[in-house]
Structure formats: structure tokens, C-alpha cells
Amino acid sequence: MKRLQIVAVADEQLEDCIIVLAEKEQISSLKQLLTTDEMSFVERMAAEEVGQFFFPRAQGAVLVRMIKPEQDEYVAIEATRLAGNSTLAELRQYKIDRVTVRNLCTRNLALAFVEGMALGSYQFQKHLSKVSPKDKNLREIRVEPSTATAADVEELNHIVELVFETRDLVNEPFSHQSSVQFAQSIAALGEKYGFETDILGREKIESLKMGGLISVNKGSQEPPRFAVLEWKPANARNEEPLVFVGKGVVYDTGGLSLKPTDGMDYMKCDMAGGAAVACTLALAAATRQPVYLVGLVPITDNVVGNQSFAPGDVITMYSGKTVEVMNTDAEGRLILADALHYARKYNPALVIDVATLTGGAVRTFGSQASCYMGTANERIKKALEHSGMVTYERLWELPLFKEYAEDLKSCVADIKNLGSASAGTIVAGKFLENFVDYPWLHIDIAGPAYLRSGNGYRTKEGSGVGVRLLYHFLKTFSIHHNE
Ligand code: BES
Ligand code: ZN
Ligand code: ZN
């Protein structure tokens, strides 16, 4: 089925369903569109905080959506995205698949409304043998100049397209997405959007001695992959790249430290960081951002086999450090550590890794925010937090106190891959810190990456978290961040 399209149209176009966005003070400007009775109805109901009115016409309809002003700008934008999603629910009831959005409020709010409506329209129906024709979904959002410029519309189209792509990749079950297939999908994104991809296979990974990735892969029927992505436009404003690293575990059973079914059923989401990184590069390429970017995605499953790596094993990582494996379910940090070491060769301006790394991150913020931590300077941290607020893919910093490193001490190897029962999210970050020697941030997206039930425009299962965040961040990223 064709994906939803957002299209810029000229003012005068007559449409079947017109959505008018208005604040309370602007109700009088609705006169041209509504009858006297409808006007007084809207006035009465708006006074009682009713948010949405639907008026059928002989041909088409008029839907008035009240936008409530909020003090905090971040909250206002998010509320408007959510308003877009709830309008979408109304449209579904009336089986409307095409709308035109006219705006009487401020521009950035209107764009947020369209974004929420578009993102909420996502459905993952690939594996349904029959899709009910009753499930009519929004296909086209026409946007008048009062709502957004043609350039805004084009950018938003790409954002929506690549959030959907991320969700598709996360939602694809393990039965249909092996390590090899996930790597192929990433290479296909490179082809489609015009960034470079180099997919390293088993031989190359072995010759590089990426011990973390090789160990996690040992129980598998499928070979590992290491995806190296690059977007390097001639007009890039940075010489040293901004590197994104994404965890690409296509399925996490826990390995020999096997998970119970309850926590395993949704572990197809364990490549959400890798998908977000690949789709962020695609989005940067689609919109031709003047930023030099590298993406690194170590890819494998973590399953049980007769060759599986085992608790008690000592492995030698790509960096040369040795690790005592205490728990094979703490596999993400092992493959990320190799990727973080690989990132050194770029002399990066900044490295950000994105991973569904710990259950502790889910327990800390649920799906409302990601935990983050790292060694980059305050200016970079604030810029990332700001991007988190603007996109409402919020993050909150956890400390990398040196005392937490004690937890990782081992008598048989340089470090262990697991600490004590407490502060698991921080200790995972502390583990990764052993493999970086450049400004670095680690984002644990385990909470928001996968939703058991939908939450507004964040549809259920894969949420696509990370793409809007990293894209906003890379647009604001400049070399000055490092000063
Ligand atoms: N992939 C999981 C983390 C996870 C949990 C992702 C929930 C998404 C939702 C990770 O590999 C893992 O198993 N972490 C364990 C590590 C533990 C055994 C040290 C955890 O945090 O529970
Ligand atoms: Zn695990
Ligand atoms: Zn995992």
C-alpha cells in the first residue's frame, strides 16, 4: 500500500474535507466557512473546552480543530502533535482518506499538527493475509501555505517516511529478518537515499578480531554483519565526522543466559538503535544536510546454539581488552564496544551510540524518556537535550561516577560485562566508556523504542524513536559544539 503523502497546495484549492486550526480568539474568522448556527455552536462549545467540531457538507466536510495555547513551547508543540493524532482518529470514523489543512494559528504549531496526524497514521499490515476494506486510513494531507511552506512540507514528508521505515524495520519479526537480511535492508536504504554503505561480512569481522561481535554471534546459524555507513557531502561544515553507532541485535533470546518468554516476546526490537542510525543517515541524505556523518551498526542475533559463548568465558575484544562474560544477555555492550573502538579511526568530532541496552532504562523512565550519559561537554549535552525536547523524544542524563567502575572489576580479565544488581543502566554505560577516547554520548532507548500499546502518534510496537531526535541534533550540530 502506498505510504501517506503530505502535499503542499495553493490556497484556492477546493477540497473534500477541510481542517481548520484555530485558537479561541480566532473563532470569528470561521464565519466564511460555517453557518450562523454552526458558529454559535462552536462558540458555546469552545467556551467549554471542547476541542474539535465536525460539520458534514453536501460535498466533503469542515472540521474545526481548536488549538489550546500553552505556556511552555515544547509542551505546546507536543500537545498539537497529539491533537493531530486525535483528529486522525475522528477522520477514521468518517472514513475520510484525504484532507486539506488550513491554519489560523502560528506556523510551527500547524506543522506539528500535520506531523502528529501523519505519524499516527502508521500501520504495520505486511503480515496480515487480509486487510479489511473498512480500515480506511488517511492517504493524503494537503497543506495550504497558511500551514507550512513547500520546503517544510518536503522535509516533513522525508521525516515521516523515515520514521515509518524505522518502525517497519523494528516491527519485522525475527522469522523474516535475520542479521543478513537486516544488513541488506540497510544497504538498500543507502542505494535509495544516496549514502555510502559498506557491509562487512564474517571474514572481515574475523580478520579485524572483533571479539565482542564474534562471541555474541557464536551460537547463531547466521553470520554477523558490520554495517559502515557514510554521508559525506562536498559542502560538509565539519571535517571530523559525527558518528552514530546503533545496536543491531536482530533478536535477543539472552543466549545461554536465556530470557523468560515474558521478556523475550518483543526482543525483535533489539535492533531499534541500528534502525534509527541507518534511517537518520537516510534522512540526512534525503534532505542533503551539509554535515559529515558516519553510521556504524554491528549486527547479529543472540541465540542459543551448540557453539554459544557461555557465562564464565573470557573474550578478547576488538580493542584488545579482555572481558569476562558473566551473563550472555548483556550482549549489546559487547558488540557496541567493538563498534565504538572502530569509530576511533575517524578521529570523530563526536560519537553518539543508540541502543536498547538495559531493562533498567525501562524501569527508570518507562517509555517517556531515554537515559543518556557520556563524556561529551556540557554544550553538546544541552544541545542534545534541547533536540530531545523539541522532538519530544526526551532524554535525561545519568551520572558516570567513577565509583561505578568498581562494579566491573574482574579477577580473570580486564573487566566483566556485568556489575551487581543495582544501577544496571549506568554500569552498562560505564562498560562502554572503556572503549572510547573521544567525546561520546550513549543513549539507552530501551524504554521508548518499543510500545506494547500505542501512545498518541507513537503507534504500538516499534516507535521509531531516535530518528527525529538525531536528525534535529545533526541539523544544529556544528564544530563550535566542541569548543
Ligand atoms: N536487549 C536487552 C535490554 C532490553 C530490555 C531492551 C527491555 C528492550 C527492552 C539487553 O540485551 C539485556 O538483556 N539487558 C539485560 C542485561 C542484564 C542481564 C545484565 C538487562 O538489562 O536486563
Ligand atoms: Zn540481552
Ligand atoms: Zn539486547
Side-chain angles (χ1 to χ4, degrees), residues 70 72 74-83 85-86 89 115-116 119-120 122 124 163 166-167 169-171 246-247 249 252 254 259-276 329-330 332-333 352-374 381 384-400 404 419 421-430 432 441-470 472-473:
E70 296 271 355
D72 181 318
Y74 299 133
V75 174
I77 294 177
E78 177 64 1
T80 314
R81 282 186 200 106
L82 292 168
N85 184 66
S86 71
E115 184 178 38
L119 290 174
Y122 175 84
F124 185 66
V163 170
T166 313
R167 289 176 181 175
L169 288 167
V170 175
N171 291 341
K247 173 173 173 181
V249 173
D252 184 10
K259 285 181 186 295
T261 306
D262 248 1
M264 200 196 291
D265 54 351
Y266 58 103
M267 276 303 140
K268 67 176 183 182
C269 79
D270 218 14
M271 33 55 73
D329 197 11
R333 62 199 75 181
I352 303 183
D353 76 71
V354 192
T356 46
L357 204 63
T358 65
V362 188
R363 290 189 290 277
T364 307
F365 295 127
S367 62
Q368 296 303 332
S370 296
C371 302
Y372 92 93
M373 60 210 88
K381 287 180 178 173
L384 184 69
E385 286 179 14
H386 172 68
S387 294
M389 289 309 294
V390 173
T391 57
Y392 235 64
E393 297 193 346
R394 291 172 291 182
L395 331 106
W396 211 263
E397 188 177 7
L398 300 180
L400 283 174
Y404 288 115
S422 39
T425 302
I426 297 177
V427 174
K430 229 36 212 172
L432 298 177
L441 295 173
H442 157 58
I443 308 177
D444 193 332
I445 58 168
Y450 184 91
L451 310 171
R452 282 194 187 267
S453 52
N455 170 14
Y457 61 88
R458 295 174 186 85
T459 48
K460 66 165 172 280
E461 293 208 280
S463 66
V465 74
V467 176
R468 290 168 56 244
L469 170 75
L470 294 179
H472 187 276
F473 178 79

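- More than 12 non-hydrogen atoms from other residues, nucleotides or ligands lie less than 6.0 angstrom from NZ of Lys381.
- For Asp252, the side-chain contact (heavy atoms from CB on, under 4.5 Å) partners two or more places apart in sequence, or in a different chain, are Val249, Lys259, Met267, Asp270, Asn302, Asp329, Glu331.
- Annotation: side-chain hydrogen bond (donor to acceptor under 3.5 Å, both in side chains) contacts of Glu70 (sequence neighbours excluded): none.
- Pairing each heavy atom of Asn171 with each of Lys268, the nearest pair is O-NZ, 2.7 Å.
- Of all heavy-atom pairs between Ala449 and Val465, the closest is CA-CG1, 3.6 Å.
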Given Phe365 and Trp396, is the side-chain contact (heavy atoms from CB on, under 4.5 Å) satisfied, shown in steps? CA-CA 9 Å; Phe365 295 127; Trp396 211 263; 3.3 Å; yes
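- The local environment of CG in Asp72 is crowded, with over 12 non-hydrogen atoms from other residues, nucleotides or ligands closer than 6.0 Å.
- Taking CG from Leu169 and SG from Cys269, the interatomic distance works out to 13.0 Å, rounded to the nearest 0.5 Å.
- Rounding to the nearest 0.5 angstrom, the gap separating the SG atom in Cys371 from the CZ atom in Arg363 is 10.5 Å.
- The salt bridge (charged side-chain N to carboxylate O under 4.0 Å, His left out) search around Glu115 returns Arg81, Arg468, not counting sequence neighbours.
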Would you be so kind as to tabulate the donor-acceptor pairs closer than 3.5 Å made by side chains of residues 421-429, with sequence neighbours excluded?
unit_1: Thr425; atom_1: OG1; unit_2: Thr358; atom_2: OG1; d: 2.8
unit_1: Thr425; atom_1: OG1; unit_2: Ala361; atom_2: N; d: 3.0

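- Partners of Asp265 according to the salt bridge (charged side-chain N to carboxylate O under 4.0 Å, His left out) rule, which considers only residues two or more places apart in sequence or in another chain, are Arg452.
- Considering OG of Ser370 and NE2 of His442, their distance stands at 10.0 Å, rounded to 0.5 Å.
- Residues satisfying the salt bridge (charged side-chain N to carboxylate O under 4.0 Å, His left out) test with Glu385, not counting sequence neighbours, are Lys382.
- Every side-chain hydrogen bond (donor to acceptor under 3.5 Å, both in side chains) that Ser86 has, sequence neighbours left out, goes to Arg65.
- Among all heavy-atom pairs drawn from Asp444 and Leu357, the shortest one is OD1-N, 3.1 Å.
- Atom CG of Leu384 sits about 5.5 Å away from atom CG of Leu469, to the nearest 0.5 Å.
- Applying the ring-ring contact (aromatic ring centres under 6.0 Å, His included) rule to Tyr266 yields the partners Tyr450; only residues at least two apart in sequence or on another chain are considered.
- The ring-ring contact (aromatic ring centres under 6.0 Å, His included) test applied to Tyr122 returns Phe164, not counting sequence neighbours.
- Note: Gln368 CD to Tyr392 OH = 8.0 Å, rounded to the nearest 0.5 Å.
- Residues satisfying the side-chain contact (heavy atoms from CB on, under 4.5 Å) criterion with Leu82, sequence neighbours excluded, are Glu78, Tyr457.
- Under the side-chain contact (heavy atoms from CB on, under 4.5 Å) criterion, Val390 pairs with Tyr74, His386, His472, sequence neighbours left out.
- Salt bridge absent: Glu461 and Arg167 never bring a charged side-chain N and a carboxylate O closer than 4.0 Å.
- A distance of 12.5 Å separates CD1 of Ile445 from OG of Ser367, quoted to the nearest 0.5 Å.
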